[in-house]
Protein chains: 2
Amino acid sequence: MSTEKIKRDGTARRAERAAANRDRLIAAARAAFASQGYAAASMDELTAAAGLTRGALYHGFGDKKGLLAAVIAQLDGEMSARLAAARAAAPDAWSGLMAESVAYIRMALDPEVQRIMLLDGPAVLGNPSTWPGEQACLAVTIATLSQLHADGVIKPVDIEAAARLLNGAALTAALWVAAAEEPAAVLDRATLAFRTMAEGLLAPR
Amino acid sequence: MSTEKIKRDGTARRAERAAANRDRLIAAARAAFASQGYAAASMDELTAAAGLTRGALYHGFGDKKGLLAAVIAQLDGEMSARLAAARAAAPDAWSGLMAESVAYIRMALDPEVQRIMLLDGPAVLGNPSTWPGEQACLAVTIATLSQLHADGVIKPVDIEAAARLLNGAALTAALWVAAAEEPAAVLDRATLAFRTMAEGLLAPR
DNA sequence: TCCGTTGACATACGTCTCGTATGTTCCCAT
DNA sequence: ATGGGAACATACGAGACGTATGTCAACGGA
């Protein structure tokens with residue numbers, strides 16, 4: 001057995017365990033932030049729940065804000081994947097955009113998304129429109145709208161502005177649904193009204 | 001001079017001074033929350049800037065969250081007044097609704113509104129759609145849309161849902177404008193796109 | 001006129017939390 | 001085998017919040 005193999009085994013094992021610990025910290029943080037809120041979540045309890053101490057946390061994430069950023073990045077990745085899947089399943093670009101928006105609204109039913117991404121995140125990390133994930137999501141919407149405009153499906157309109165407003169309307173609908181006593185019923189009303197308003201962008205045929 | 005007059009003078013003066021101190025605390029909190037953010041604002045510095053101590057604060061507002069609620073109530077009142085003025089100056093209901101929305105977007109240029117109402121407020125007090133001021137604002141929008149629907153100006157659509165989506169789109173536009181390097185230019189693009197999208201609600205004539 | 005009570009604060013204290021500074025252990029390179 | 005660095009653990013100090021207690025002016029009743 002060569003020494004290189006041994007070396008690789010050692011480093012790989014070390015890195016593997018470190019990555020596992022990192023994941024456990026993020027998972028514990030997700031649960032704590034979602035259930036208690038960012039401000040009320042204690043780093044001591046959080047790390048203890050993951051079987052570690054604050055030392056690991058500050059070594060890997062810098063500070064509490066860095067941990068929240070990592071949690072949000074993970075959540076954002078999961079949301080992006082689901083949005084892309086919803087869009088890919090649609091027969092054309094416009095219905096893909098609508099499916100994506102409706103999927104976004106549904107996601108806000110998840111308490112983790114609601115509390116971490118919609119309430120605490122903006123207060124701690126600032127305006128969400130500056131987050132990497134949001135920028136990427138917006139870029140996709142802009143690309144879709146550009147294609148729709150080139151195809152003459154939608155009216156001539158400021159593409160970026162329209163993309164942002166669509167996202168914002170979906171976000172508001174999401175918050176409304178999340179706060180409702182009967183989310184299912186409100187979800188239908190919200191998605192229907194969203195479609196109606198979005199169709200304001202469609203070119204008259 | 002009757003004893004009653006003396007009594008009333010005493011109580012009046014006491015209440016007057018207490019109310020003044022309350023206003024000074026709210027004003028100091030507005031400045032501190034807007035410039036440093038809710039979490040970073042220290043109650044000691046805050047009250048010292050108002051010439052008082054934390055005792056006055058806890059006596060009058062219960063806790064830090066109560067102080068933020070009072071600040072938000074004051075901001076909300078000022079915003080409602082400006083929105084009502086914008087609506088009243090318009091020639092008809094639809095343009096009143098548009099004027100109101102545009103006025104709302106412009107208000108987000110105010111750092112106090114942006115930081116306190118849009119970022120920290122939701123994190124501390126929860127979903128804004130449950131705040132009294134928002135509920136009142138929404139009720140006005142719903143009334144306007146109901147009238148427009150009765151007059152046949154807008155399509156048949158879920159009134160409450162449409163009102164919420166319009167408000168949400170305006171809010172998003174506001175955040176976009178607030179984060180832009182050149183707010184003036186973005187403001188025009190945002191308002192124009194907002195009008196285009198809102199016109200999706202108008203009935204074909 | 002005198003005393004008990006209440007409202008409006010000030011002061012002092014205890015507890016919690018965050019961030020940093022300082023070890024400690026394990027693994028790789030030489 | 002020995003130095004060095006990564007990945008943590010531990011110990012410490014600094015604020016900040018909320019509460020419990022104290023103080024003073026004003027009001028009400030005897």
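As the structure is a computational prediction, the values presented were derived from the model and not from experiment.
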Please report the distance, rounded to the nearest Å, between CZ in B:Arg17 and C1' in C:dG7. 11 Å
Take atom CG of B:Asp44 and atom P of C:dC13, then tell me their distance rounded to the nearest Å. 15 Å
Has A:His59 got a side-chain N or O lying under 4.0 Å from the OP1 or OP2 atom of D:dA7? yes
Would you check, one step at a time, whether the test side-chain contact (heavy atoms from CB on, under 4.5 Å) holds for B:Leu97 with B:Leu145? CA-CA 9 Å; B:Leu97 187 59; B:Leu145 283 177; 3.8 Å; yes
Taking atom CZ of A:Phe194 and atom CG of B:Leu165, what is their separation to the nearest 0.5 Å? 7.5 Å
What's A:Ala41 touching, base or sugar-phosphate or nothing? Going by heavy atoms closer than 4.0 Å. sugar-phosphate
Between D:dC8 (C1') and A:Leu67 (CG): distance, integer Å: 16 Å
Rounded to whole Å, the CZ-P distance (B:Arg24 to C:dC9) equals 10 Å
Mind checking the CZ-CG spacing from A:Arg82 to A:Asp110? Nearest 0.5 Å is all I need. 8.0 Å
B:Met43 CE to D:dA16 P, in whole Å, measures 11 Å
Tell me the interatomic distance from A:Leu25, atom CG, to D:dA9, atom C1', rounded to whole angstroms. 13 Å
Would you classify B:Thr53 as touching base, sugar-phosphate or nothing, given that sugar-phosphate means primed atoms plus P, OP1 and OP2, and contacts are heavy atoms under 4.0 Å? base
May I ask you to decide whether A:Glu160 forms a salt bridge with A:Arg164, counting only side-chain N to carboxylate O separations under 4.0 Å? yes
Earlier contact from the 5' end, DNA chain C, for B:Arg54 and B:Asn21: B:Asn21
If you check the B:Ala18 side chain, which of C:dA8, D:dG18, C:dT17 turns out closest? C:dA8
Please state how far atom OH in A:Tyr58 lies from atom C1' in D:dG13, giving the value in whole angstrom units. 14 Å
Spacing of B:Leu68 atom CG relative to D:dC17 atom P, expressed in whole Å: 13 Å
